[in-house]
Amino acid sequence: MNEDADNRITNPRISAANSFEDICERRLTRRGFVKAGVLAGATVGTLQLAGCSDDAPEKLAQEENTWRQNNPYKSRYDFIEIEHGTDEHHHVAPDHDAKVLIRWGDPLFKNSPEFDPANQTGEAQKLQFGYNNDYIGYLGLEPKSGQDARALLCINHEYPIPGLMFPNYPKSGYQNVTAEQVAITQASVGNTIVEVGLENGEWQVNTNSSYNRRIQCLDTEIEVTGPAAGHPRMRTSLDRSGRNVIGTMNNCAGGMTPWGTYLSCEENFNYHFSGELDEKHLEAKNHQRYNVPSAYFAWGEHDHRFDIAKEPNEANRFGWVVEIDPLNPKSKPKKRTALGRFKHEGGETIVAPDGRLVVYMGDDQQFEYLYKFVSRDKVDLENPRANKDVLDHGTLYVAKFYDEGYLEWLPLVHENGPLQTQFDSQAEVLIEVRRAADLLGATPMDRPEDVVPNDVNGKVYVMLTNNSKRTAANNANPRTENYFGHIIELTELDNDFASTKGYWDILVKCGNPAIASHAADWNPNTSENGWFASPDNAVVDPSGRLWVSSDQGGKAFMSGTSDGLWALETEGDLRGTGKMFFRAPKGAELCGPIFSDDGESLFVAVQHPGDDGKPGAVRVETAATQWPDFSDGMPPRPSIMAIRKQGGGAVG
Ligand code: FEO
Ligand code: CA
């Protein structure tokens with residue numbers, strides 16, 4: 001989800017300045033950046049910006065060889081880099097195939113209706129693949145006869161875009177949404193569990209699988225667990241218990257647990273709330289801190305749950321991490337309140353040396369914080385069912401970065417300092433985690449997105465996507481007007497992921513190193529295509545190599561290239577060298593990179609293809625691409641792609 005859609009700073013500790021943003025916007029005009037990019041591309045580096053990479057693989061191979069001869073360090077990646085650029089299609093490194101596996105609207109069940117964009121209904125959408133695919137989890141299963149591999153893919157559907165979902169959508173915006181459109185969009189978000197199998201080198205969806213499942217925001221019941229479950233501020237007129245929520249939404253990134261469950265993270269939940277609350281209301285300041293209401297999609301017009309004047313507590317029931325058991329299709333998903341309420345980007349897990357579970361999480365808004373949860377109990381890897389309550393007990397920490405290169409993890413527990421007097425209970429600390437983190441003096445960051453532990457080298461990688469409103473730099477957020485983002489590498493003390501202290505270092509400052517005003521910092525071996533802007537999702541492959549995908553939002557014009565996936569060296573002389581592997585079609589961000597257990601397949605999520613305009617302005621008829629169908633009457637469709645190396649072997 002791009003920054004433009006939610007650019008109000010809600011952290012009261014930041015005296016930043018919308019007016020400063022306005023000044024920046026005026027200075028950084030589209031024309032100025034395009035001109036600078038063209039000049040730099042013509043004069044710097046060994047690889048030149050040219051046309052589409054698919055046009056001339058031989059030329060690319062030749063250039064790659066020249067580049068390698070001039071760069072003697074041994075790369076850990078073995079593919080030919082593609083080129084920056086922007087067009088209506090996707091592009092993958094030569095010698096690899098990228099195939100569309102499943103698209104928005106595709107059937108998931110034997111009784112799913114065929115997708116009919118002109119006659120959509122909420123009931124049909126509940127049986128079809130959802131919209132705006134984001135995180136992908138991979139859970140390997142024993143292959144069936146004739147298959148080389150079999151898995152469940154656990155997929156988030158982040159948010160609807162009515163203008164791109166409904167042909168001939170009114171020009172006046174989302175406020176005119178109809179009741180049926182609300183139902184369709186509520187059914188289009190949440191999650192899909194889908195079984196896939198690899199046969200003859202190609203992944204295919206199994207619509208007969210009993211594992212297939214849709215979890216959505218129209219009518220899926222979800223249980224609330226952990227310290228905030230049942231608290232009066234979690235109760236509504238429809239749910240007097242405070243323990244049963246209808247649905248999940250804005251499911252952005254996520255993670256898989258070592259016991260095979262799927263964590264789906266609720267991010268910009270504020271978008272779906274509308275209405276007004278008296279400023280003296282108990283929840284008024286809380287809602288303000290989370291940007292509620294944003295009324296971006298106006299669900300409250302037709303569903304009173306999302307009108308804060310009618311249901312002031314409903315917004316407290318979103319912004320959590322949801323645990324789903326993909327192997328048990330009848331199980332109720334659980335909102336795990338011990339992990340705190342904020343705009344969760346991801347929830348990647350790793351087991352600490354003493355056996356406890358650690359979950360790393362970012363709160364994706366300008367000047368928000370980095371968090372981790374450490375479980376009270378040890379993980380039982382022999383008996384998955386024994387871990388059913390692990391995520392209900394433990395300590396949530398928030399990070400404080402020191403300029404000298406170390407960090408502290410501050411415990412968000414009710415007994416800790418000012419939290420004792422400012423909150424009545426641990427439940428309230430968790431409902432208003434942002435305010436609790438403010439009081440402890442956590443470090444406001446440049447929009448923390450994915451936070452990915454690497455169990456091969458023991459490090460943790462933090463994607464900080466950008467923060468155009470930063471006016472005061474510090475060493476961990478080193479650029480003011482940070483339009484391009486950076487990546488921090490954490491080393492926990494004693495290599496213990498559960499430690500409350502650690503060290504940090506900046507791996508790369510993103511942006512184009514050939515343009516001085518970007519103030520980017522990459523390994524000089526990075527080619528003209530190896531740099532990227534706005535890191536968002538990341539994954540460590542089975543051999544410990546890091547891959548990063550990007551989301552520039554409405555600011556792709558500043559870099560002059562579409563979003564995509566890059567390999568990023570983390571070790572040795574090449575540390576900080578990027579290499580471009582995949583480019584998304586125009587207007588799309590690239591999400592969810594995940595590898596199969598053997599590293600021979602890579603799945604990526606192409607989200608919101610065609611949406612390269614201002615939020616709310618884009619329409620089916622004027623979209624920047626009609627990918628992947630390119631057929632009359634069919635809107636551009638967010639889709640999952642499966643990537644394999646030709647002839648087999650590890651991807652990349
Ligand atoms: Fe939904 Fe932070 O991206
Ligand atoms: Ca994201």
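Just so you know, ligand 1 is whichever comes first in the structure, and atom 1 is the first atom listed for that ligand. Just so you know, these numbers come straight off a predicted model, no measurement behind them.
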Practice prompt. Just to the nearest 10 degrees, tell me the angle at atom 2 (Fe) of ligand 1 spanned by Glu267 OE2 and Glu449 OE1.
Written response: 150°
Worksheet, complete the sentence: Correct closest heavy-atom pair for Val651 and Trp547 would be O-CZ2, 4.2 Å
Practice prompt. Check Arg583 against Asp87 and note the closest heavy-atom contact, atom names and distance.
Written response: NH1-OD2, 3.7 Å
Worksheet item: Regarding Asp446 and Asn467, is there a side-chain donor-to-acceptor distance under 3.5 Å anywhere?
Response: yes
Worksheet item: side-chain contact (heavy atoms from CB on, under 4.5 Å) with Tyr360: which of Val452, Ile350, Thr349, Asp450?
Response: Ile350
Practice prompt. Using a cut-off of strictly less than 3.0 Å, determine whether Asp134 has an N/O/S atom near the Ca ion (ligand 2).
Written response: no
Practice prompt. Starting from atom 1 (Fe) of ligand 1, look over the N/O/S atoms of Glu158 and name the nearest one.
Written response: OE2
Item to complete: Using 2.8 Å as a strict upper limit, say whether an N, O or S atom of Cys252 approaches atom 1 (Fe) of ligand 1 that closely.
Response: yes
Worksheet item: Within Asp536, is some N, O or S atom less than 2.8 Å away from atom 2 (Fe) of ligand 1?
Response: no
Worksheet item: Salt bridge check: are Arg341 and Glu432 linked by an N-O gap of less than 4.0 Å?
Response: no
Worksheet item: Which atom pair, heavy atoms only, marks the closest approach of Pro628 to Ser639?
Response: CG-OG, 3.7 Å
Item to complete: Quick one: report the N, O or S atom of Glu345 that is nearest to the Ca ion (ligand 2).
Response: OE2
Worksheet entry | Metal check, the Ca ion (ligand 2) vs Glu267 N/O/S, cut-off below 3.0 Å | no
Worksheet item: Is the distance from atom 2 (Fe) of ligand 1 to the nearest N/O/S atom of Asp364 under 2.8 Å?
Response: yes
Item to complete: Could you check which N/O/S atom of Glu345 is closest to atom 2 (Fe) of ligand 1?
Response: OE1
Item to complete: Give the minimum heavy-atom separation between Pro585 and His90, together with the two atoms involved.
Response: CD-CB, 4.0 Å
